[in-house]
Amino acid sequence: MNTIDECNFKDKKALVRVDFNVPLDKDFNITDDKRMRAALPTINKILKEGGSVILMSHLGRPKGGPEEKYSLKHILGDLSRMLDLTVKFAENCIGDDVEKKAKNLFPGEVLLLENLRFHPEEEKGDIEFAEKLSKLGNVYVNDAFGTAHRAHASTTIIAQFFPNAKYFGYLMAEELKNAEKVNHGAAKPFTAIMGGAKVSDKILLIESLLDKVDNLIIGGGMAYTFAKAQGGEIGTSLLEEDRMALCLELLAKAKAKGVNLILPIDTVIADKFDNNASKNQVDTGKIPANWMGLDIGPKTIKLFSETVKNSKTVLWNGPMGVFEMANFEQGTKAIAEAVVDATKNGAFSLIGGGDSAAAIAKFGLENEVSYVSTGGGALLEYMEGKELPGVKAIQN
Ligand code: AMP
């Protein structure tokens, strides 16, 4: 793999695509800085060798022009503290001002560019925009795993301007190494745990996993569409009516392939979508009208946990219930603990995509599993067997 270990950065100006798309609260404080911390090893290696770093990232979903709430200047203070130096800032990622700032950057200095997505050309993968960005540095590093599945100007198109000077950063390399461990040659038994809101988001992933896993556990909101498809009553639980036939198809496919597909056998129900709703427990498929399933029940926790604990590879994507509400977090928490137990027993556990990374962080178990991916969509697409354009651009 073409990583930054193959380059000596002395006197080089490294143009580094990072994923600093961090969540901010209403006062612009960073509520989770994991993605920034994850890029530090790459930045520090370049600085230590006597190079300078020009950081480019997107933040949020601006509508094609500058928007104060999506300005990367909000993260400048935290970034400076993390790197223990004063990070410079360019108020636009292209143009005279940033070119001058990049030119005057000394070894050991860091320049952060304003949000790339203030220019619609970024997401369009515009080649002229990519070329303008490329002029700012003489080495290109991609460390943005979270956007590696997008063929954007700064993640993919730009690489062609650095035919002999393009590298994967350490985060990208680590993400790919861990995803590969699960994707090919996973130790068995291999168990995938799928959850989250919708089946429709995960169809391709489920189909591709059926060729690899021994056990496929399905919980969360998506499990109710399976229950309904099998003739159960699900009250007002999440339902994707147009996916019911597909659920039956997936069940048949799993059976044909010898995959143990495990669905919830009981559920925690509520009379409204509210942490303070009235609660009850019923068997799957027996939810009264006007009640909704918001978590897996205790029998299911036991069933799922047993399977997880006896696995040698675990991939977890998506919560088992509405874990954001304290009264419905129990199932997700118990499964997180089962993943931790499996890891202690020697399993390789990869968490990522959807909200499972947020869930494991909420329960303070991030450091008790093998790896928590920083990529949502990118990890899922990689697991689906798709080639990530941001990865391919460095390899070519
Ligand atoms: P995803 O991004 O697909 O992983 O979905 C995560 C979201 O699914 C979380 O915000 C959960 O609150 C939500 N979720 C999980 N289980 C349920 C459920 N039974 N009913 C409604 N929402 C759910």
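Side-chain atoms are counted along with the backbone in the values below, which use heavy atoms only and exclude waters and symmetry mates. Just follow the structure's listing: the first ligand is 1, and inside any ligand the first atom is 1. We're numbering straight along the sequence, starting at 1.
- The shortest N or O to N or O distance between Met320 and ligand 1 is not below 3.5 Å.
- Ring orientation note: the planes of Phe28 and His74 are close to parallel, at an angle under 30° on the 30°/60° scale.
- Not close to ligand 1: Phe328, with no non-hydrogen atom less than 4.0 angstrom away.
- Counting atoms of ligand 1 from 1 in the listed order, those under 4.0 Å from a heavy atom of Gly220 are 16 (N).
- Distances shorter than 4.0 angstrom do not occur between any heavy atom of Met222 and any atom of ligand 1.
- Looking at Arg37 and Lys34, their side chains come closer than 4.5 Å, going by heavy atoms from C-beta outward.
- Only the side chain of Leu238 comes within 4.0 Å of ligand 1, judged by heavy-atom distances.
- By the criterion of a heavy-atom distance under 4.0 Å, the side chain of Glu324, and not its backbone, is placed next to ligand 1.
- No side-chain heavy atom of Tyr70 sits less than 4.5 Å from a side-chain heavy atom of Leu24.
- The closest donor-acceptor contact from the side chain of Glu329 to the backbone of Glu324 lies at 3.5 Å or more, if one exists at all.
- Here the side chains of Leu59 and Phe20 are not in contact, with every heavy-atom distance at 4.5 Å or above.
- Residue Leu294 approaches ligand 1 through these ligand atoms, each under 4.0 Å from one of its heavy atoms: 19 (N), 20 (N).
- Ligand 1 has an N or O atom lying under 3.5 Å from an N or O atom of Ala197, backbone or side chain.
- In terms of polar-atom proximity, Gly221 is counted as a contact of ligand 1, with an N or O under 3.5 Å from an N or O of the ligand.
- Taking every heavy atom of Gly293 and a limit of under 4.0 angstrom, the matching atoms of ligand 1 come to 18 (C), 19 (N), 20 (N).
- The shortest N or O to N or O distance between Tyr224 and ligand 1 is not below 3.5 Å.
- In this structure, Lys279 NZ and Gln281 CD are separated by 7.5 Å, a value rounded to the nearest 0.5 Å.
- Below 4.0 Å from some heavy atom of Lys202 lie the following atoms of ligand 1, by number and element: 3 (O), 4 (O).
- Checking side-chain atoms of Thr332 against main-chain N and O of Met320 turns up a donor-acceptor pair under 3.5 Å.
- Formation of a donor-acceptor pair under 3.5 Å by the Ser311 side chain with backbone atoms of Thr307 is found in this model.
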